[in-house]
Every structure is written in C-alpha cells, then in structure tokens.
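Scope of the values below: all heavy atoms of this structure, side chains included, with no hydrogens, waters or symmetry mates.
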Amino acid sequence: MATVRMAGGEITVGNVFCIGRNYAAHAVELGNAIETEEPMVFLKPTSSVLKVGEPLRLPAWSQDVHHEAELVLLIGRDARDIGPERALSVVAGYGIGLDLTARDVQAQAKQKGHPWTKSKGFPGAACISDFVPADDVAGASRFRFSLTVNGTVRQSGDTDLMLFPLPVLVSYLSRQYGLSAGDMIYTGTPAGVGPLQAGDCLLLTLDGLIEARFKVTE
Ligand code: ZN
C-alpha cells in the first residue's frame, strides 16, 4: 500500500494523475504540440510511488531515464464536478515530486501508439516529497520550484507559466474522472528535462516550503 506523509501523518495514496505538456517550453523541447483544448492526462500505478529516504533505482531495461520535476497536489476529500473557483478547496497539501520517464521506451510506445505505462509506471517513477498542508499556504496562488542535480540547477518551474492553471486542472479532473481523498496530481514539468545516472544526487525545492533529496543508487 503506497502512502505519503503530511504533518507527521501517513496518508494512503489513491489515484496518481499526471498532466503532460502543461508548460509550453517543455512541449517544444520534446517536439510535441501544445495542448490547448483540454489537459493531457495519464496515470501511474500506486506501486510507482517512492518517498524520501527510500532507495531510488533506475530500471535496467532503459538507457535514458529522465527527471521531470513537478509540483504535486494531494487531494483531501472526494470531489465530483467542482468548478474552478472552488477547486483548490479540495487540495489538502502541496508537494514536489519527480515524474521519472524512460524516454527511450516512451518513444517506442509513441511510435506504436501504445500507452505510456511502461515508461512512466516502474517502481520509483513517482518520487514524492512530504506534503505541506494547504492551510499553511492559504492564499498562495503561485508556486516556484526547482530541481538541482549534483549541485547544478536543471529545472526551474513557475506555476504562472502553466498552460492549464491549478484550479482548472483540479476542476477538469473532478469532472472527467472524479477525485478522491488521497489522490495525487503531478501537474506537469517545465523545460530542462534530462537523463539521470547512478550516483546522481537530486534536490527538489518548493518555494522555500519544503525540500526533498533523492540519490540514484547503483
Ligand atoms: Zn511529467
């Protein structure tokens, strides 16, 4: 059973929703179209969740596992068909995570028209920090975050640059799928994605609110 931590408590993870191509500069760097009609959504299995302190091993069947640093929302209560103006009221916490992606395997899947599950669903593919309670950031509508690898900043994110802002994402998911307490939403990655290798030390930071460290083990 996958769990995440917030304010000293453990919360059982429900669905793991992920948003693709939510920053124009990242869509462009991978040669993808910019989504304008509706958010592009995919899912990860809960067995892919990896918390701070757990060993991160890259799958042996990929030679090109990329980091995607993302702001992650934790849903606090069940929600169906909620409007954008009230959507953030169902968010219990804010965290920072990595949507790890086996880029070579994803490219094969894209070619074949197959789902992305193999490339984005392996154990450890959903790295996640502890969550900051939403009450602690009440009124905040903009978040900045970053990923540093071996001391070098690789990715910097700013939610103001999202194609589909947070309230729109939460509203959309509540209408299209329904949201449940314990669901997580990976909200998309900014530009700067790139490969990881054994020995890499990763530092994720979310607006001075929280940070998370992961080390890629041999
Ligand atoms: Zn992603």
For Leu173 and Ile75: C-alpha separation, side-chain torsions, deciding distance, then whether side-chain contact (heavy atoms from CB on, under 4.5 Å) applies. CA-CA 11 Å; Leu173 292 171; Ile75 298 301; over 6 Å; no

Output yes when Asp160 and Arg142 qualify as a salt bridge under the 4.0 Å nitrogen-oxygen rule, no when they do not. yes

Within a strict 4.5 Å, meaning less than it, do heavy atoms of the Val193 and Thr101 side chains meet? no

Decide yes or no for Phe145 and Pro190: does some side-chain heavy atom of the first lie under 4.5 Å from some side-chain heavy atom of the second? yes

Heavy-atom pair of closest approach, residues Gly178 and Phe17: O-CZ, 4.1 Å

With a 4.5 Å heavy-atom cut-off, do Pro133 and Met6 have their side chains touching? yes

Starting at CD of Gln106, measure out to CG of Leu30 and round the result to the nearest 0.5 Å. 7.5 Å

For residues Leu147 and Leu98, determine if any side-chain heavy atom of one lies less than 4.5 Å from a side-chain heavy atom of the other. yes

Nearest non-hydrogen partners of Ser48 and Gly121, listed with the distance: CB-O, 3.6 Å

Kindly say whether Arg175 contributes a backbone atom to a donor-acceptor pair with the side chain of Asp81 at under 3.5 angstrom? no

Could you pull out the closest heavy-atom pair between Gly76 and Ala92, with the gap in Å? CA-CB, 3.5 Å

Rounding to 0.5 Å, atoms OG (Ser119) and NE2 (His114) come to a distance of 12.5 Å

Hey, does the side chain of Asp158 reach the backbone of Arg144 with a donor-acceptor pair shorter than 3.5 angstrom? no

Could you check if a side-chain atom of Glu211 sits within less than 4.5 angstrom of a side-chain atom of Leu203, using non-hydrogen atoms only? yes

Is it the case that more than 12 heavy atoms not belonging to Gln111 sit under 6.0 Å from its CD atom? no

Say you draw a straight line from CZ of Phe122 to CG of Leu50; how long is it, rounded to the nearest 0.5 Å? 10.5 Å

Between Leu71 and Leu206, is any pair of side-chain heavy atoms under 4.5 Å apart? yes

Counting C-beta onward and ignoring hydrogens, is there a side-chain heavy-atom pair between Leu202 and Arg154 closer than 4.5 Å? no

State the CD-CG distance between Gln197 and Asp64, to the nearest 0.5 angstrom. 11.0 Å

For the aromatic rings, using the six-membered ring if either is Trp, is the centroid distance between Phe164 and Tyr172 under 6.0 Å? no

Check whether more than 12 heavy atoms from other residues, nucleotides or ligands sit under 6.0 Å from atom NZ of Lys215, and answer yes or no. no

With hydrophobic residues grouped by side-chain heavy-atom distances under 4.5 Å, do Val137 and Val170 end up in a single group? yes

Any chain of hydrophobic side-chain contacts (each under 4.5 Å) joining Val49 to Leu73? no

Using modelled atom types and a 3.5 Å cut-off, is there a donor and acceptor pairing between side-chain atoms of Ser62 and backbone atoms of Pro59? no

Test side chain to side chain contact (heavy atoms under 4.5 Å, CB included), reference Arg5, set Ile11, Asp130, Ile128, output is Asp130

Indicate, with yes or no, if Ile19 and Ile34 share a hydrophobic cluster defined by side-chain heavy-atom contacts under 4.5 Å among Ile, Leu, Val, Met, Phe, Trp and Tyr. yes

Linking I/L/V/M/F/W/Y whenever their side-chain heavy atoms sit closer than 4.5 Å, directly or via other members, would Leu161 and Val28 fall into one cluster? yes

Pick out which of Lys120, Arg21, Lys44 makes a salt bridge (Lys or Arg N to Asp or Glu O under 4.0 Å) with Glu68. Lys120

Measure across Ala33 and Ala27 and return the closest heavy-atom pair with its distance rounded to 0.1 Å. O-CB, 4.0 Å

Distance (rounded to the nearest 0.5 Å) between Leu100 CG and Leu56 CG: 6.0 Å

Would Phe143 and Ile96 count as a side-chain contact (heavy atoms from CB on, under 4.5 Å) here? Give the steps. CA-CA 11 Å; Phe143 295 91; Ile96 174 119; over 6 Å; no

Do Val90 and Val13 share a hydrophobic cluster (ILVMFWY, side-chain heavy atoms under 4.5 Å, transitive)? no

State the CD-CZ distance between Glu54 and Phe214, to the nearest 0.5 angstrom. 8.5 Å

Picking from Leu88, Ile185, Val91, what satisfies side chain to side chain contact (heavy atoms under 4.5 Å, CB included) with Leu166? Leu88

Between Ala212 and Ser129, what is the shortest heavy-atom contact and its length? CB-CB, 3.6 Å

Under a 3.5 Å distance rule, please check whether Ser174 uses its side chain to pair with a backbone N or O of Ile82 as donor and acceptor. yes

If you draw a 6.0 Å radius around CD in Glu29, do more than 12 non-hydrogen atoms from other residues or ligands fall strictly inside? yes

Testing the basics here: between Val52 and Arg213, what is the closest heavy-atom pair and its distance to 0.1 Å? CG1-O, 3.9 Å

side-chain contact (heavy atoms from CB on, under 4.5 Å) assessment of Tyr94 paired with Ile210: CA-CA 9 Å; Tyr94 293 83; Ile210 202 157; over 6 Å; no

Glu70/Asn22 under side-chain contact (heavy atoms from CB on, under 4.5 Å): CA gap, chis, key distance, verdict: CA-CA 10 Å; Glu70 310 195 2; Asn22 201 24; over 6 Å; no

Does any N or O in the side chain of Asn150 come within less than 3.5 Å of the main-chain N or O of Asp200, such that one atom is a donor and the other an acceptor? no

Under a 4.5 Å cut-off applied to non-hydrogen side-chain atoms, are Val41 and Gln176 in contact? no

For the side chain of Gln155 and the backbone of Ala69, is there at least one donor-acceptor N/O pair under 3.5 Å apart? yes

